[in-house]
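Since the structure comes first, as structure tokens, the remarks are kept for the end.
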Amino acid sequence: MIGSFEKQVREALEGGGCTFVKRGECDYEIWHNPKTNRHFPVDDIIKSRRHANTVMRLSRVEHQF
């Protein structure tokens with residue numbers, strides 16, 4: 001079943017302490033994790049559970065969908 005994970009990913013990132021930094025040039029945003037001092041991209045459209053989990057791995061926030 002295909003769902004839309006954009007809202008859940010952003011809520012999980014905020015719950016993990018990450019903050020929105022800026023819009024990217026195309027269809028993504030730049031976020032920052034202050035615990036690891038890392039910036040990472042988050043796509044505007046996240047349709048699959050696999051893609052959502054990839055974003056969570058990049059962010060280093062322990063959460064799985």
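Everything numeric in this text was worked out from a predicted model, so none of it was measured.
In terms of modelled atom types and a separation under 3.5 Å, the side chain of Asn53 and the main chain of Phe65 share a donor-acceptor contact.
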Between Asp27 and Ile45, is the side-chain contact (heavy atoms from CB on, under 4.5 Å) condition met? List the steps. CA-CA 8 Å; Asp27 297 333; Ile45 299 171; 6.0 Å; no
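With rounding to the nearest 0.5 Å, the separation of OG1 in Thr19 from CD1 in Ile30 is 12.0 Å. Note that NZ of Lys35 and OG of Ser59 are 10.0 Å apart. Values are rounded to the nearest 0.5 Å. Separation of atoms CZ (Arg57) and NE2 (His63) is listed at 13.0 Å; rounding is to 0.5 Å.
Side-chain contact annotation: Asn37 with His32, donor-acceptor N/O pair under 3.5 Å present.
Across every non-hydrogen atom of Gly17 and Pro34, the tightest pair is O-CD, 3.2 Å. Between Ala12 and Met56, the shortest heavy-atom distance links the atoms CB-CE, 3.7 Å.
Side-chain atoms of Lys7 and Glu11, non-hydrogen and from C-beta on, do get closer than 4.5 Å to each other. A 4.5 Å side-chain heavy-atom check between Arg49 and Phe5 finds at least one atom pair inside the cut-off. Residues Arg60 and Arg38 have side chains in contact (heavy-atom distance under 4.5 Å, counting atoms from C-beta outward). Using a 4.5 Å heavy-atom cutoff, the side chains of Val42 and Arg10 are in contact. Taking 4.5 Å as the limit, some side-chain heavy atom of Val61 sits within range of a side-chain heavy atom of Cys18.
Residues Tyr28 and Phe40 do not share a hydrophobic cluster, clusters being chains of Ile/Leu/Val/Met/Phe/Trp/Tyr side chains in contact below 4.5 Å.
Under the side chain to side chain contact (heavy atoms under 4.5 Å, CB included) criterion, Phe20 pairs with Arg23, Glu29, Trp31, sequence neighbours left out.
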